[in-house]
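Because the structure is a prediction, the values reported are computed rather than measured.
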Amino acid sequence: MYLEFFGLREPPFRITPNPDFFFPGGNRGAILDALIYAVTHGEGIVKVIGEVGSGKTMLCRMLEASLPDTVDTVYLANPSMGPEEILHAIALDLQLPVSAEAPRLQVMQALHEHLLKRHGEGRQVVLFVEEAQAMPLPTLEEIRLLSNLETRHHKLLQIVLFGQPELDELLTDPAIRQLRERIVHSFHLDPLN
């Protein structure tokens, strides 16, 4: 009914974010530009914090669509899993030939070899983690260990964590202080005025 009244062709406020409706105001455009720069320049771990409904998923989708063709992405929508499960999830997304029963060391080795190969081909791999506040501490530590995969001059895996403010609370835990130190950029999505 309101579509006809306002002359709209489709509902503008759906639960699933539609990148066609991205609004760069409220600093979203500037944050997107900064994220593109951070990812393409190999800046390590990046964190984006925002309340429920603030546009984190929309920003993630816009970032994925805005990256150059030389960037491969891994997208984890529900990272509330254990450390070994997250490695298998990443390997599955990258279509690595690793069985579900493969031990952690084998999965990590396959992942490292794949990332080295992609780097040698002039490609970059970026891991997007949505709902990062739902990750158990050991899984967050596994994410930090993934950030150790590097050549002499470049990180082999860029990581972007998208989470609610509870992620900042998690990161105050002394058990993962090393992860906190690896976050080189932190962005906060404030509500639109």
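- Leu94 and Val71 are not part of a single hydrophobic cluster, where members link through side-chain heavy atoms under 4.5 Å apart.
- No side-chain donor-acceptor contact under 3.5 Å links Arg9 to the backbone of Leu3.
- The side-chain heavy atoms of Leu96 and Glu113, taken from C-beta on, include no pair separated by under 4.5 Å.
- Counting heavy atoms from C-beta outward, Lys155 and Ile45 have side chains that stay 4.5 Å or more apart.
- Residues Thr139 and Glu85 are not in side-chain contact: their nearest non-hydrogen atoms beyond the backbone lie 4.5 Å or more apart.
- In this structure, the separation between CG on Asn78 and CD1 on Ile86 is 9.5 Å, given to the nearest 0.5 Å.
- Taken together through direct or relayed side-chain contacts under 4.5 Å among Ile, Leu, Val, Met, Phe, Trp and Tyr, Phe21 and Leu189 form parts of separate hydrophobic clusters.
- The minimum heavy-atom distance between Thr70 and Gly122, with the atom names listed, is CB-O, 4.0 Å.
- We find that Arg144 and Glu141 are joined by a salt bridge, their nearest charged nitrogen and carboxylate oxygen being less than 4.0 Å apart.
- Rounding to the nearest 0.5 angstrom, the gap separating the CD1 atom in Ile183 from the CG atom in Leu167 is 6.5 Å.
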> side-chain contact (heavy atoms from CB on, under 4.5 Å) between Leu127 and Leu76: does it pass, once the steps are laid out?
Replying inline: CA-CA 8 Å; Leu127 170 63; Leu76 295 179; 3.8 Å; yes
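- Here the side chains of Val126 and Leu63 are not in contact, with every heavy-atom distance at 4.5 Å or above.
- Proximity of Val46 to Phe187: side-chain heavy atoms (C-beta onward) are separated by under 4.5 Å at one or more points.
- Of the possible donor and acceptor atoms, none in the side chain of His114 sits under 3.5 Å from a partner among the backbone N and O of Gln95.
- Leu157 is not listed as a side-chain neighbour of Ser147, based on a closest heavy-atom distance of 4.5 Å or more.
- Interatomic distance, NE2 of His112 versus CD of Glu150, reported as 8.5 Å (0.5 Å rounding).
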>> Show, in sequence, the C-alpha distance, side-chain angles and deciding distance for Thr151 and Leu116, and conclude whether the side-chain contact (heavy atoms from CB on, under 4.5 Å) test is met.
In response: CA-CA 8 Å; Thr151 66; Leu116 281 170; 4.1 Å; yes
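- Around atom CD of Glu121, more than 12 heavy atoms belonging to other residues, nucleotides or ligands sit under 6.0 Å away.
- Residue Tyr75 qualifies as enclosed at atom OH: its count of foreign heavy atoms under 6.0 Å is above 12.
- Of all non-hydrogen atoms in Gly29 and Phe22, the two that sit nearest each other are N-CZ, 4.2 Å.
- In this model, no donor atom of one side chain and acceptor atom of the other lie less than 3.5 Å apart for Ser80 and Glu131.
- In the hydrophobic clustering of this structure, Leu105 does not group with Val107; members are Ile, Leu, Val, Met, Phe, Trp, Tyr whose side-chain heavy atoms approach within less than 4.5 Å, directly or through other members.
- The minimum heavy-atom distance between Phe23 and Arg28, with the atom names listed, is O-CB, 3.5 Å.
- Counting heavy-atom neighbours within 6.0 Å of Arg123 CZ, excluding the residue itself, gives a total above 12.
- Of all non-hydrogen atoms in Met135 and Ile143, the two that sit nearest each other are CE-CG1, 3.4 Å.
- Summarising the geometry, atom CG belonging to Leu35 is positioned 10.5 Å from atom OG1 belonging to Thr40; distances are rounded to the nearest 0.5 Å.
- Side chain of Arg182 to backbone of Leu179: no donor-acceptor contact under 3.5 angstrom is found.
- For the pair Gln124 and Leu67, the minimum side-chain heavy-atom distance is 4.5 Å or more.
- Annotation: side chain of Glu142 is in contact with side chain of Leu145 (closest heavy-atom distance under 4.5 Å).
- With rounding to the nearest 0.5 angstrom, the CD1 atom of Ile176 is 4.5 Å from the CG atom of Leu171.
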> Can you check side-chain contact (heavy atoms from CB on, under 4.5 Å) on Gln164 and Lys56, steps first, answer last?
Replying inline: CA-CA 9 Å; Gln164 295 170 21; Lys56 296 180 301 296; 4.1 Å; yes
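- Note: the hydrophobic cluster containing Val39 does not contain Ile159 (ILVMFWY, side chain heavy atoms under 4.5 Å, direct or indirect links).
- No chain of hydrophobic side-chain contacts below 4.5 Å, direct or via other Ile, Leu, Val, Met, Phe, Trp or Tyr residues, connects Phe128 to Leu140.
- Residues Pro165 and Glu51 approach most closely at CG-OE2, 3.4 Å, considering heavy atoms.
- Residue Met108 holds its CE atom at 4.5 Å from CG of Leu146, rounded to the nearest 0.5 Å.
- Here the shortest heavy-atom pairing between Val98 and Ala110 reads CG2-CB, 3.6 Å.
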